[in-house]
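Have a look at the structure below before the remarks.
Just so it is clear: chains get the letters A, B, ... in the order the sequence lines come, proteins before strands, and each one is counted from 1.
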Amino acid sequence: MLDIKVIREKPDWARRRLADRGAGDEAKIDEVLALDEQRRKLLAEVEALKAQRNRASKEIGALMGQKKLAEAEARKRETREIGDRITALDQQVSGSEQSRDQLLLRIPNLPHESVVTGKSADDNPVIRVWGEQPQFAFKPKSHLELCERLKLVDFARGAKLAGSGFLLYTDRGARLERALIQFLLDLHSTQHGYTEVSPPYLVSRDCMVGVGQFPKFIDQAYAVQEGEDAGTLGKLYLVPTAEAPVANIHRDEILKENQLPLRYCAYSPCFRAEAGAAGVGTRGMIRVHQFDKVELIQIVKPETSYDELEKLAGHAETVLRLLGLSYRVILLCTGEMGFTSAKTYDIEVWAPGQGQYLEVSSCSNCEDYQARRMNLRYKTEAGDNRFPHILNGSGTALARLFVALLEHYQQADGSVVIPAALQPYMKADRIGV
RNA sequence: GGAAGGGUGGCUGAGUGGUCUAAGGCGCCUGACUCGAAAUCAGGAGAUGGGGUAACUCAUCCGCAGGUUCGAUUCCUGUCCCUUCCGCCA
């Protein structure tokens with residue numbers, strides 16, 4: 001969440017940057033400020049009363065020690081009234097504090113100054129393009145057709161098992177998926193300096209709030225319950241990304257400065273309900289309710305976070321370079337950025353069968369927005385507690401990478417060549433007809 | 001799921017209604033001693049929020065949330081987590 005002190009001191013700036021996002025959140029600033037002022041006023045009042053009561057209680061103790069019981073009783077009666085007022089005021093303080101914080105949790109991060117103001121994908125600047133788009137002597141097939149003919153994914157049975165948007169990978173398709181996971185984890189853990197972790201695929205509500213999924217995007221999550229016990233519903237949620245568990249690894253901790261930077265990579269399946277997304281454009285593997293992803297998370301000092309963001313994007317790009325896939329990197333404009341991000345690069349891979357770029361990675365610097373939500377801090381050498389910056393990047397999402405690979409490396413006879421970097425994991429150099 | 005025990009500062013560990021301003025120990029920092037270090041001695045050191053230019057000051061924090069009381073680390077209720085044993089289970 002945003003720092004209430006920043007909102008107090010620079011409300012105009014906050015309003016302007018929120019307006020640039022185009023979601024109307026700037027109106028919440030005045031509301032937050034009003035609640036904050038009310039809270040501080042009530043707090044000053046109740047704390048003065050508490051100081052008064054503390055003094056009185058001490059005196060009563062002394063009177064009782066001196067056996068001045070009648071006097072002590074008299075003091076007790078008057079002090080009891082102070083107690084009643086404290087109880088009432090305390091409730092008001094926590095009331096305005098809760099209202100303020102509920103509002104703060106629904107205000108997105110402020111875009112970094114280097115992010116261009118814009119409304120739609122058309123306003124996203126292309127930062128760089130890499131690789132050649134392959135040319136075919138035949139009409140390239142869509143991944144759907146390739147999957148059917150090579151029996152890599154059984155769409156019909158996936159839907160039978162769990163409904164539309166769920167995939168059943170079969171035989172060489174399942175192996176290719178597994179090969180990609182292995183390849184990505186090996187790459188990032190051995191070449192890019194990330195510590196591999198394997199997190200829970202269910203997380204608490206607090207974790208979801210910590211990374212900014214909740215409260216605003218609760219409709220996009222799958223909530224689980226234990227058996228028929230409805231009382232357990234809402235305690236755990238299927239992870240929408242490994243970011244949810246991994247970024248929260250150190251929640252509520254105070255790290256030592258020399259522990260930073262922390263870099264984690266993790267594989268997880270990702271579950272997204274995406275309410276209302278069913279219908280046209282949801283066929284195939286581009287947009288599904290469950291997909292695999294290897295995620296990169298960094299917890300770094302604020303002064304290095306933007307350098308790290310560039311490197312993080314580079315780590316995701318390395319994946320596509322090693323696989324020989326053409327891609328482009330775009331900078332998301334203010335209107336396109338995710339809720340928690342201050343700056344985001346999207347990496348899009350070229351899918352010849354689709355004739356379009358597919359987003360396979362999103363690399364974001366959330367600055368201290370998430371650290372604040374999860375109360376993660378680090379102690380500087382000077383002894384101050386500060387919020388670290390948290391970055392996340394897909395390294396990369398798999399279903400769409402799978403699509404791009406098939407479409408990119410398809411041959412005239414309908415087979416698919418496996419790029420060299422993947423062959424040791426696939427234990428094959430081609431998927432034959 | 002059942003039973004028992006336990007959650008106190010960086011760690012360990014005392015504290016069963018009022019100097020708890022949380023003992024003691026370990027570790028840490030500063031100073032003294034020393035050429036330097038060790039040992040020893042003296043001192044220091046938590047978090048969050050409010051007020052103040054500042055020195056400083058007030059409040060809150062002993063897993064969490066309530067309750068009793070003038071006053072709660074201490075008593076009561078609920079809840080979460082951990083440990084051990086039993087049951088179930090990949």
With respect to the phosphate group of [N], does any side-chain polar atom (N or O) of [X] fall under 4.0 Å of OP1 or OP2?
| X | N | answer |
| --- | --- | --- |
| Lys379(A) | A47(B) | yes |
| Arg377(A) | U48(B) | yes |
| Arg40(A) | G51(B) | yes |
| Asn54(A) | C70(B) | no |
| Arg8(A) | G50(B) | yes |

Both distances under 3.5 Å, Watson-Crick or G-U wobble: report the partner of [N], or none.
| N | answer |
| --- | --- |
| U40(B) | A32(B) |
| A45(B) | none |
| A3(B) | U84(B) |
| U53(B) | none |
| G10(B) | C26(B) |

Tell me yes or no: between the side chains of [X] and [Y], is some donor less than 3.5 Å from an acceptor?
| X | Y | result |
| --- | --- | --- |
| Tyr306(A) | Glu367(A) | yes |
| Gln182(A) | Tyr267(A) | no |
| Tyr378(A) | Gln259(A) | no |

Quick one: [X] [atom1] to [N] [atom2], roughly how many Å, whole number?
| X | N | atom1 | atom2 | answer |
| --- | --- | --- | --- | --- |
| Glu37(A) | G49(B) | CD | C1' | 17 Å |
| Gln38(A) | G50(B) | CD | C1' | 16 Å |
| Arg55(A) | U57(B) | CZ | C1' | 12 Å |
| Met64(A) | C70(B) | CE | P | 11 Å |
| Leu42(A) | G51(B) | CG | C1' | 15 Å |
| Gln92(A) | A59(B) | CD | P | 20 Å |
| Lys58(A) | C70(B) | NZ | P | 19 Å |
| Glu45(A) | C58(B) | CD | P | 19 Å |

Among [options], the nucleotide that comes nearest once only the side chain of [X] is considered:
| X | options | result |
| --- | --- | --- |
| Asn385(A) | U48(B), A59(B), C70(B) | U48(B) |
| Lys5(A) | G49(B), A59(B), C70(B) | G49(B) |
| Arg39(A) | A59(B), G18(B), G49(B) | G49(B) |

Comparing Thr87(A) and Arg53(A) on RNA chain B - which has the more 5′ nearest nucleotide: Thr87(A)

Most 5' of Arg75(A) and Ile254(A) on RNA chain B, judged by nearest nucleotide: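 On the 5' side of the pair lies Ile254(A).
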
Charged N-O contact under 4.0 Å between Asp36(A) and Arg8(A): yes

Electrostatic pair Glu9(A)-Lys5(A), nearest N-O below 4.0 angstrom: no

Any residue meeting side chain to side chain contact (heavy atoms under 4.5 Å, CB included) with Gln102(A), in chain and number order, not counting sequence neighbours: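 If we apply the side chain to side chain contact (heavy atoms under 4.5 Å, CB included) test to Gln102(A), skipping adjacent residues, the hits are Leu105(A).
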
N/O donor-acceptor pair under 3.5 Å between Ser364(A) side chain and Cys366(A) backbone: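 No, Ser364(A) side chain to Cys366(A) backbone: no donor-acceptor pair under 3.5 Å.
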
Write down the distance separating the [atom1] atoms in [N] and [M], rounded off to the nearest Å.
| N | M | atom1 | result |
| --- | --- | --- | --- |
| G63(B) | G15(B) | P | 15 Å |
| C81(B) | A23(B) | C1' | 28 Å |
| U8(B) | G13(B) | P | 9 Å |
| G46(B) | U21(B) | C1' | 14 Å |
| G17(B) | G71(B) | C1' | 8 Å |
| G24(B) | A45(B) | P | 14 Å |
| A72(B) | A65(B) | C1' | 15 Å |
| U79(B) | A90(B) | P | 30 Å |

Just to be sure I understand the rule, does [X] reach a base, reach only the sugar-phosphate, or reach nothing, if contact means heavy atoms closer than 4.0 Å?
| X | answer |
| --- | --- |
| Ala51(A) | sugar-phosphate |
| Leu43(A) | sugar-phosphate |
| Ser57(A) | base |

Derivation of the side-chain hydrogen bond (donor to acceptor under 3.5 Å, both in side chains) call for His143(A) and Gln354(A): CA-CA 8 Å; His143(A) 67 283; Gln354(A) 309 298 300; 3.1 Å; yes

Side-chain donor/acceptor of Glu47(A) to base of G51(B), under 3.5 Å: no

